Amino acid sequence: MASEAVGAIKMFQKLHKNAGLVFPTLATILALSMAGFLDPYLAFVATSWVIFGLLGLSLDVIWGRGGLLSLAQTAFYGLGGYFGAVIAINLAPSTGMTLIWALPSAAIFGAIIAAALGYVIFFSRMGALQSTILSYTFTLLLWTVTQTFRLDVGTAVIGGDNGLSNIPGVILGFGPDADRLGPNGAFAATVAVSACVYFFTRWLMRSNFGKLVDCIRIDIEKTELLGYDIRKVQVLNFAYSGAIAGIAGAMFALWANYLNPSIFSVQEALLVPIYVLVGGLGTLSGAFLGALAIGGLSFWLGGGAAGGQTTLILGAVLVLLVLFLQNGFLGALDKIWRLYLPDPNDAARNAGAVKIDTDVLEDILKDATAHAGPAKSLSTDEAFKQFGGVIPVNKVTRDFVPGQPYALIGPNGAGKSSFLKTCVGIYRPEGGSILLDDDDITKAPIFDRVHKGMGVKNQKPQVFGEITVQENLWIAAYARTKNSANADKVSQRILGMLGMDGQSAVQASALSHGQQQWLDIGMVLCLAPRVVLLDEPAAGMTNEETRELSLLVRTLAKHTTVVVVEHDMEFVRTLEGHVTVLHQGQLFAEGDIDTLRANDAVLDVYLGRGEHV
């Protein structure tokens, strides 16, 4: 009986893992099998629900997975529809088969427009709110322009408010005599096209590209600190979402046989996020479920069941769904499902203190030197950073070379963390220069500095909480290796060195603060950095873990240049390295820790007394 229970649990775990494949496959088969039996009018209306689900999928790709609420999806949808329709109008009469003309052309046009808008958004590093506003403004501009835009393209006539008519329907046959499909056939074709797009999108979002998209959503800064050029990934993801929207627009044009500027309207733009929220943000298939739920409910209420109160009832239902289903229908189902599965995060709660394997660490560091080259020096010359009237880094000149650990200490507000962030590029200095060996990196972006050999752990542990410990290390290793198999080897090696094998399948968010610190350090080591910057790595660690950390830092210093910002003076003492005191953004004193402890001026700064404060 016990073995049967274990087998059942494993089966449910496997089914849960592949739910995004199994249930959409069953839904596709069911929809295709019903296509021949549906009432033609219902089939005609249901086709629009599938198209809206495809449009919702385009938003889920960039919002649910990429983290940007784009209100430009109807712009790509409308432009793709117009462009694909124009191509179909001109070519279908002689060739038939509208799908091979309308869909690829609409996808390409939608992707190009989305990539252009994405380039403006992401390469200028706009904030989330500004990006959403710009995408919405773009849609409104198109709505205004298309109302007066008139153009003849071959036999296609775009007539402003009069729209674009005479669009051929869904034609699968070839030749000038091919007939267009009826409502039931068009429904089946739309389901088939949407299924193909969905399954390809699911594969893409589970690929290495999709993993990067998820990491950017979870922590955009950390992803760049691993060496990824996040802007390129974001633009590519936005372009792909535009391609999906373009395909949806072309299918809509072929279904309706007519387009007008209302396709760019405010109402259309705001409906798309509702489809995604109702179905389940980030689930991909939820967009189709949301469109089906809203479309089906509107269809039923519009048939007289609501007594003329369709809009009021539909609005109330949507409000209740968004309020009480935290992540839509699929999110609620997933939450219920997980109640009956073992919690993989139990391993984190039962974990002891992290204990590093120094022999393995030595081997890892020697291999890193062999592949990435010798340690590099880090130098700053008159580095200056200002925020209004506050100057956290005030003309700091300092050289850090391999061979011993370096510690930066000082009271709160001394500028220690700001100095490290200026070195790594999170803060851009207003003056001075920063060198990595002889390479001037003062104006280099973060990812370029990482490529040149810099690795940093910020003050708070930065891990991707929604993915597992092993996946966190893998994504860091892949940034350097660009090879899945090699990334597996590196991540497993670091995992073993940290003694966290038992927590490999645990979500990073379930780890204790100290364990997250170790995981963050492990991610830095996966990069094989030549210069390592650690900001308060001992925070949240036990005394035993702090001793292990001291051993790790001293071992690192044999093979790399290591700079540590720390408040724990006992930990700094155990590093047995060079100590620099910062005060009010400036170098204040230097030496070994025992000498500085006996320095009255340093004590004045720390204790808030005397002439130096």
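Since this is a predicted model, take the numbers as computed values, not measurements. This chain uses plain numbering: 1 for the first residue, then up along the sequence.
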Student: If you compare all heavy atoms of Gln516 against all heavy atoms of Ser509, which two are closest, and at what distance to 0.1 Å?
Tutor: NE2-O, 3.8 Å

Student: Can you name the residues that form a side chain to side chain contact (heavy atoms under 4.5 Å, CB included) with Asn257, not counting sequence neighbours?
Tutor: Arg180

Student: Would the distance check show the side chain of Thr132 and the main-chain N or O of Leu69 forming a donor-acceptor pair, the cut-off being under 3.5 Å?
Tutor: yes

Student: Between Ile467 and Cys215, does a side chain to side chain contact (heavy atoms under 4.5 Å, CB included) hold up when you go through it step by step?
Tutor: CA-CA 9 Å; Ile467 61 178; Cys215 289; 4.2 Å; yes

Student: Rounded to the nearest 0.5 Å, how far apart are OG of Ser131 and CD1 of Ile62?
Tutor: 9.5 Å

Student: Is there side-chain contact between Phe447 and Arg231, with at least one heavy-atom pair below 4.5 Å?
Tutor: yes

Student: Salt bridge (charged side-chain N to carboxylate O under 4.0 Å, His left out): which pairs involve residues 51-73, sequence neighbours left out?
Tutor: Arg65-Asp214

Student: Using modelled atom types only, decide if a donor and an acceptor are shared between the side chain of Thr201 and the backbone of Val61 within a distance under 3.5 Å.
Tutor: no

Student: Listing request: all salt bridge (charged side-chain N to carboxylate O under 4.0 Å, His left out) pairs with a residue in residues 39-49, at least two apart in sequence or in separate chains.
Tutor: none

Student: Taking all non-hydrogen atoms of both residues into account, name the closest pair between Ala114 and Ala239 and its distance.
Tutor: CB-CA, 3.9 Å

Student: Determine whether Leu212 and Asn208 make a side-chain contact, defined as any pair of heavy atoms from C-beta on separated by less than 4.5 Å.
Tutor: no

Student: Any non-hydrogen side-chain atom of Arg206 less than 4.5 Å from a side-chain atom of Arg202?
Tutor: yes

Student: Would you say the side-chain atoms of Ser262 pair up with the backbone N or O of Ser265, donor to acceptor, closer than 3.5 Å?
Tutor: no

Student: Keeping the roles fixed (side chain from Thr283, backbone from Gly286), state whether a donor-acceptor pair exists under 3.5 Å.
Tutor: yes

Student: Measure up the Phe288 and Tyr198 rings against each other and bin them: parallel (under 30°), tilted (30 to 60°), perpendicular (over 60°).
Tutor: perpendicular

Student: Between Glu466 and Arg217, does any NZ, NE, NH1 or NH2 come within less than 4.0 Å of an OD or OE carboxylate oxygen?
Tutor: yes

Student: Between Leu527 and Val450, does a side chain to side chain contact (heavy atoms under 4.5 Å, CB included) hold up when you go through it step by step?
Tutor: CA-CA 8 Å; Leu527 301 173; Val450 175; 4.1 Å; yes

Student: Quick one: pull up NZ in Lys222 and CD1 in Ile475 and give me the separation to the nearest 0.5 Å.
Tutor: 12.0 Å

Student: For the CE atom on Met97, are there more than 12 heavy atoms of other groups (residues, nucleotides or ligands in this structure) within a distance under 6.0 Å?
Tutor: yes

Student: Any chance you could measure Leu254, atom CG, to Thr98, atom OG1, to the nearest 0.5 Å?
Tutor: 4.5 Å

Student: Nearest heavy-atom pair of Leu473 and Gly522: which atoms, and what distance?
Tutor: CD2-C, 3.6 Å

Student: When you measure from the side chain of Thr139 to the backbone N and O of Ser135, does any donor-acceptor pair fall under 3.5 Å?
Tutor: yes

Student: Where is the tightest heavy-atom contact between Thr468 and Ala505, given as atom of each residue plus distance?
Tutor: CG2-O, 3.5 Å

Student: Got Phe123 and Val235 here, is their nearest side-chain heavy-atom distance under 4.5 Å?
Tutor: yes

Student: Kindly indicate whether the side chain of Trp63, heavy atoms from C-beta on, has any atom under 4.5 Å from the side chain of Leu68.
Tutor: no

Student: So, the side chain of Gln492 versus the backbone of Lys489: is there a donor-acceptor pair under 3.5 Å, distance only?
Tutor: no

Student: Please enumerate all residues that pass salt bridge (Lys or Arg N to Asp or Glu O under 4.0 Å) together with Arg480, with sequence neighbours excluded.
Tutor: none

Student: Looking at Tyr119, I'd like to know if its OH atom is crowded, meaning that more than 12 non-hydrogen atoms belonging to other residues, nucleotides or ligands lie closer than 6.0 Å.
Tutor: no

Student: Just grab all the ring pair (Phe, Tyr, Trp, His ring centres under 6.0 Å) pairs involving residues 473-510, residues at least two apart or on different chains.
Tutor: Trp474-Tyr478

Student: Are any side-chain N or O atoms of Thr223 and backbone N or O atoms of Asp219, one a donor and one an acceptor, separated by less than 3.5 Å?
Tutor: yes

Student: Gly56 and Val276: which non-hydrogen atoms are nearest, and at how many Å?
Tutor: O-CG2, 3.4 Å

Student: Nearest 0.5 Å, what's the CD1-CZ distance between Ile51 and Phe187?
Tutor: 10.5 Å

Student: Which residues pass the side chain to side chain donor-acceptor pair (under 3.5 Å) test with Ser58, not counting sequence neighbours?
Tutor: Gln73

Student: Asn472 side chain to Val463 main-chain N or O, any donor-acceptor pair under 3.5 Å?
Tutor: no

Student: Assess the residue pair Ser33 and Leu30 against the criterion (side chain to side chain contact (heavy atoms under 4.5 Å, CB included)); give the C-alpha distance rounded to whole Å, side-chain angles, the decisive distance to 0.1 Å, and a yes or no.
Tutor: CA-CA 5 Å; Ser33 64; Leu30 178 62; 4.2 Å; yes

Student: For Gln470 and Ser491, does a side-chain donor sit closer than 3.5 Å to a side-chain acceptor?
Tutor: yes

Student: Walk me through it: do Asp520 and Lys460 pass the test salt bridge (Lys or Arg N to Asp or Glu O under 4.0 Å)?
Tutor: CA-CA 9 Å; Asp520 199 355; Lys460 293 181 180 179; over 6 Å; no

Student: Return yes if some donor-acceptor pair links the side-chain N/O of Asn260 with the main-chain N/O of Leu164 below 3.5 Å, else return no.
Tutor: no

Student: Angle class for the Phe238/Phe122 ring planes (parallel below 30°, perpendicular above 60°, tilted otherwise)?
Tutor: perpendicular

Student: Would Glu268 and Leu55 count as a side chain to side chain contact (heavy atoms under 4.5 Å, CB included) here? Give the steps.
Tutor: CA-CA 11 Å; Glu268 292 290 331; Leu55 176 57; 5.6 Å; no

Student: Please check if any side-chain donor atom of Asn458 sits under 3.5 Å from a side-chain acceptor atom of Glu221, or the reverse.
Tutor: yes

Student: Looking at Gly81 and Ala253, what are the two nearest heavy atoms and their distance?
Tutor: O-CB, 3.9 Å

Student: Any non-hydrogen side-chain atom of Trp255 less than 4.5 Å from a side-chain atom of Val170?
Tutor: no

Student: Can you see whether Thr95 engages Trp101 through a side-chain donor-acceptor pair at a distance of less than 3.5 angstrom?
Tutor: yes

Student: Can you tell me how far the CH2 atom of Trp518 sits from the CE atom of Met523, to the nearest 0.5 Å?
Tutor: 15.5 Å

Student: With a 4.5 Å heavy-atom cut-off, do Leu333 and Leu330 have their side chains touching?
Tutor: yes

Student: Start with the C-alpha distance between Lys457 and Gln517, add both sets of side-chain angles, then the distance that settles side chain to side chain donor-acceptor pair (under 3.5 Å), and finish with yes or no.
Tutor: CA-CA 9 Å; Lys457 191 209 83 65; Gln517 292 275 50; 2.8 Å; yes

Student: Do Leu59 and Ser241 have side chains that approach each other closer than 4.5 Å (heavy atoms only, starting at C-beta)?
Tutor: no

Student: Measure the CG-CD1 distance between Leu225 and Ile446 for me, rounded to the nearest 0.5 Å.
Tutor: 5.5 Å

